[in-house]
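What you see is a predicted model; the values in this text were computed from it and never measured. Side chains included, hydrogens not; waters and symmetry mates left out as well; all remaining heavy atoms used. Atoms within a ligand are numbered from 1 in the order they appear, just like the ligands themselves.
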Amino acid sequence: MDHLLFELPKPIIFAHRGASAYAPENTLASFELAVKQGAPAIELDVKLTSDGEIVVIHDPTTERTCGVRGTIKTMPLSQIKELDAGSHFDSAFKGEKIPALQEVFDSVRGKILINVEITNYTTPLDDLPKRVAELVKKNDLQHWVFFSSFNFIALRRIKKLLPEVPIGFLTEEGNRGKFARSCFFEWLNYQAIHPHYHDVNSWMVQHHHHKNRLINVYTVNQKEEFKKLNQLKVDGIFTDDPILAQQILNE
Ligand code: G3P
Ligand code: MG
């Protein structure tokens, strides 16, 4: 498969929710900083608003990152745009907004690989996969974007719409992710597995490489873990701190 995901040097450092150790997660500030810091890839979380727009936010609600109560799926984009998604991190980022996915595309296109996590976990059958596929197509970003999700139905749907774009299957940590990590999901035809770093071992890496899949591991912020995963020859590492990751891997 011809795609940027397979062309970048390994392990690929994914700035998780942007450079989220240095700027508020899932904001233009954190994505632009990841580009400045030289990260080869970013990860971001998308959801649908009540009026069908795609916004970038991790939680289904606004309380943690915006300090006010609200549920994304019941709010129109105009209301979401009134919120301050920066101050919770640092007053220097006051006024930073929850971005629409289109704004992220406009700001980083052509500069970095974009892993779009389809996070319709509270509305697993909504139109998010279709809407994201349409937007990627409209922006002609099939080479620069790939998808991931814990929701295999969403992955299946988006893969049908954009077969040339790889999908990464996210698996939950420990026992909760055991079934997802089993051979039952061979039918999903995923090009990468995204396990929690606690679940990764040498056998697992070899198994997925043998199946011609990448193994991208979330979310690592400690020195020793970067080293261990690098030795295990994983293909990608999600981290809040791309600077630290690159420093350790260059040692
Ligand atoms: O995609 C890796 C990671 O982001 C998955 O977990 O909860 O941080 O979206 P979460
Ligand atoms: Mg995520």
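Between His16 and ligand 1, an N or O atom pair is found at a separation short of 3.5 Å. Residue Tyr218 has no N or O atom closer than 3.5 Å to an N or O atom of ligand 1. Residue-to-ligand polar distances place Asp45 within reach of ligand 1: an N/O pair is separated by less than 3.5 Å.
By the 4.0 Å N-to-carboxylate-O rule, Asp199 lies close enough to Arg181 to be salt-bridged with it. We find that Lys47 and Glu117 are not joined by a salt bridge, their nearest charged nitrogen and carboxylate oxygen being 4.0 Å or further apart. For Glu134 and Arg131, the salt-bridge test passes: some basic side-chain N is under 4.0 Å from an acidic carboxylate O. A salt bridge between Arg213 and Glu186 is present, with a side-chain N of the basic residue lying under 4.0 Å from a carboxylate O of the acidic one. In this structure, Arg109 pairs ionically with Asp106, as a charged nitrogen and a carboxylate oxygen lie closer than 4.0 Å.
Side-chain contact of Asn120 with Thr123: a donor-acceptor pair under 3.5 Å is absent, judged by distance alone. Using modelled atom types and a 3.5 Å distance limit, the side chains of Asp240 and Tyr22 yield no donor-acceptor pair.
Around the Mg ion (ligand 2), the protein N, O or S atoms found under 2.8 Å comprise Glu43 OE2, Asp45 OD1, Glu117 OE1.
Between His208 and Tyr190, the ring planes are tilted. Angles from 30° to 60° get that label. Between His196 and His198, the two ring planes are tilted [angle within 30° to 60°].
Between atom 9 (O) of ligand 1 and the options Glu117, Arg17, Glu25, the minimum heavy-atom separation is to Glu117.
Heavy atoms of His58 approach ligand 1 to within less than 4.0 angstrom.
Close contacts of ligand 1 with Leu170, meaning ligand atoms under 4.0 Å from a residue heavy atom, involve 1 (O), 2 (C), 5 (C).
Looking from atom 1 (O) of ligand 1 to the surrounding protein, the closest heavy atom is Glu43 OE2, 3.0 Å.
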